[in-house]
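Take a look at the structure set out below.
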2 protein chains.
Amino acid sequence: MNNKNNKTNTIELDEKTRQFTSQCREAGLKVTPQRIAIYRELLKTDEHPSAEMLYEKVKKIFPSISLDTVNRTLLTLNEIGAAFTVVGSGDARRFDGGLHEHQHFRCVKCKRIIDFHHKPFDNIKLPAEISEKFTVLRKTVYLEGLCNLCG
Amino acid sequence: MNNKNNKTNTIELDEKTRQFTSQCREAGLKVTPQRIAIYRELLKTDEHPSAEMLYEKVKKIFPSISLDTVNRTLLTLNEIGAAFTVVGSGDARRFDGGLHEHQHFRCVKCKRIIDFHHKPFDNIKLPAEISEKFTVLRKTVYLEGLCNLCG
DNA sequence: TACTAAATAGTATTTACTCCTATTTGTCAA
DNA sequence: TTGACAAATAGGAGTAAATACTATTTAGTA
């Protein structure tokens with residue numbers, strides 16, 4: 001292993017880019033240099049960037065690219081499964097009276113957050129690797145998908 | 001049971017309000033009617049409201065309340081543990097190249113998202129109650145806390 | 001009852017994201 | 001290879017969410 005963290009090395013990156021190109025064509029998407037650049041910048045980092053963060057990186061390659069293009073492209077990648085949005089990110093902050101132990105299911109379409117309770121999820125055991133290194137304040141099982149009304 | 005979902009009935013609500021009052025005083029916070037109203041409106045719903053949603057409700061009681069007050073108050077409640085923010089909500093959308101199966105730890109202070117991988121978390125078994133009712137697209141164990149740099 | 005620190009109202013600003021439109025470009029078929 | 005067309009992009013405008021700022025009000029207390 002000569003690559004730290006989850007970063008992708010050059011050979012892997014080129015291979016992934018080829019796969020990505022096919023994936024675009026299969027999905028009926030055009031293979032634009034901007035799209036490739038955004039994809040590659042995303043793979044090159046392990047910092048889970050926002051659209052804004054990637055925009056700054058891609059701008060070094062395409063100085064005239066717009067933030068909207070970066071954002072739209074990332075959402076498109078998410079749709080074809082070439083990249084993912086970090087679960088739970090990107091929505092307005094929501095609050096919870098939190099009276100009982102429970103877990104959340106979030107509908108990606110209508111954005112409803114629905115409580116459910118499954119006892120085995122109440123006390124998840126963390127690996128020592130994590131609990132030694134970080135102060136874990138909250139741990140939960142989080143589900144996303146389509147609710148009964150949207151599905 | 002004559003209360004649907006997680007909604008709190010009147011008796012419970014009054015009891016919770018008393019507890020909340022003590023909790024404020026213990027934390028050195030003033031007990032203002034606005035604060036009480038916000039807290040009670042939060043408990044009365046199971047829709048996991050945003051600050052904006054609660055603002056609309058509380059405005060019926062205090063027509064001149066400001067959105068900022070609602071938002072600040074909710075963040076304060078979260079700090080003293082009288083309410084909770086829904087895990088993962090309230091931040092800019094973040095993306096992930098998602099090359100390998102992994103889970104996320106999010107630092108609440110610096111907002112870094114850190115990957116970790118704990119095999120037992122890869123295939124969580126859902127209760128039938130959920131998988132029958134909803135189309136679950138993603139399921140994950142999500143951790144929040146303080147990272148090694150902020151802790 | 002009067003003082004003080006904390007909280008609030010109202011407004012302004014910042015940030016994240018989405019929408020709109022004219023222009024450009026990748027793809028496909030002749 | 002070229003031309004047509006749908007898709008994608010650039011740039012800017014618009015919208016929503018969250019935060020910051022400041023003058024005023026209020027809860028706690030002595």
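Letters A, B, ... mirror the listed sequences (proteins, then strands); counts begin at 1.
- B:Leu74 places its CG atom 14 Å from the P atom of D:dA17, with the value rounded to the nearest Å.
- When side chains are defined from C-beta on, B:His117 counts as touching B:Asp122, because their heavy atoms get closer than 4.5 Å.
- Side-chain contact check for A:Val141 versus A:His118: every heavy-atom pair is 4.5 Å or farther apart.
- A:Asn71 has its side chain within reach of A:Leu75: a pair of non-hydrogen atoms, C-beta onward, lies under 4.5 Å apart.
- Side-chain contact, A:Asp115 with A:His100: no donor N or O sits under 3.5 Å from an acceptor N or O.
- When the C1' atom of C:dG26 is taken as reference, atom CG of A:Leu29 falls 12 Å away, rounded to whole Å.
- The side chain of B:Gln34 contributes no N or O atom lying less than 4.0 Å from OP1 or OP2 of D:dA27.
- When each of B:Lys57, B:Met53, B:Lys59 is tested with B:Tyr55 by the rule side chain to side chain contact (heavy atoms under 4.5 Å, CB included), just one qualifies, namely B:Lys59.
- Along DNA chain D, the nucleotide nearest to A:Thr32 and the one nearest to B:Lys111 differ in position, and the one closer to the 5' end is contacted by A:Thr32.
- Contacts between residues 50-68 of chain A and DNA chain C, counted as heavy-atom distances below 4.0 Å, involve A:Asp68.
- For the residue pair A:Thr21/A:Arg18, the side-chain donor-acceptor check at 3.5 Å is not satisfied.
- Atom CZ of A:Arg35 is separated from atom C1' of C:dT27 by 13 Å (rounded to the nearest Å).
- Salt bridge annotation for B:Lys60-B:Glu41: absent, with no cationic side-chain nitrogen under 4.0 angstrom from a carboxylate oxygen.
- The aromatic rings of A:Phe134 and B:Phe105 sit parallel, their planes meeting at an angle under 30°, below the 60° perpendicular limit.
- To the nearest angstrom, C1' of D:dG28 lies 6 Å from NZ of B:Lys30.
- Here C:dT25 presents its C1' atom at 14 Å from CD1 of A:Ile36, a figure rounded to the nearest Å.
- Within residues 76-90 of chain A, no residue places a heavy atom under 4.0 Å from DNA chain D.
- When heavy atoms are screened at a 4.0 angstrom cut-off, A:Ile38 is found touching no nucleic acid atom at all.
- Regarding B:Asn71, its CG atom lies at a distance of 12 Å from the C1' atom of D:dA20, rounded to whole Å.
- The rotation axes computed at either terminus of the helix from C:dT1-D:dA30 to C:dA30-D:dT1 lie 30° apart, taking five pairs at each end and rounding to 10 degrees.
- D:dG28 atom P lies 14 Å from atom CD of B:Glu26, rounded to whole Å.
- Within 4.0 Å (heavy atoms only), A:Arg72 reaches at least one base atom of the nucleic acid.
- Listed nucleotides C:dT18, D:dA8, D:dA27 differ in distance to B:Arg93; the shortest reach to its side chain belongs to C:dT18.
- Ring pair B:Tyr39/B:Phe20 is parallel by interplanar angle, where below 30° counts as parallel and above 60° as perpendicular.
- The two residues B:Cys24 and B:Val31 make their nearest non-hydrogen contact at CB-CG2, 4.0 Å.
- Side-chain contact between A:Gln34 and A:Val58: absent, with no pair of heavy atoms (C-beta onward) separated by less than 4.5 Å.
- Classification of the A:Phe116-A:Phe121 ring pair by plane angle, with boundaries at 30° and 60°, yields perpendicular.
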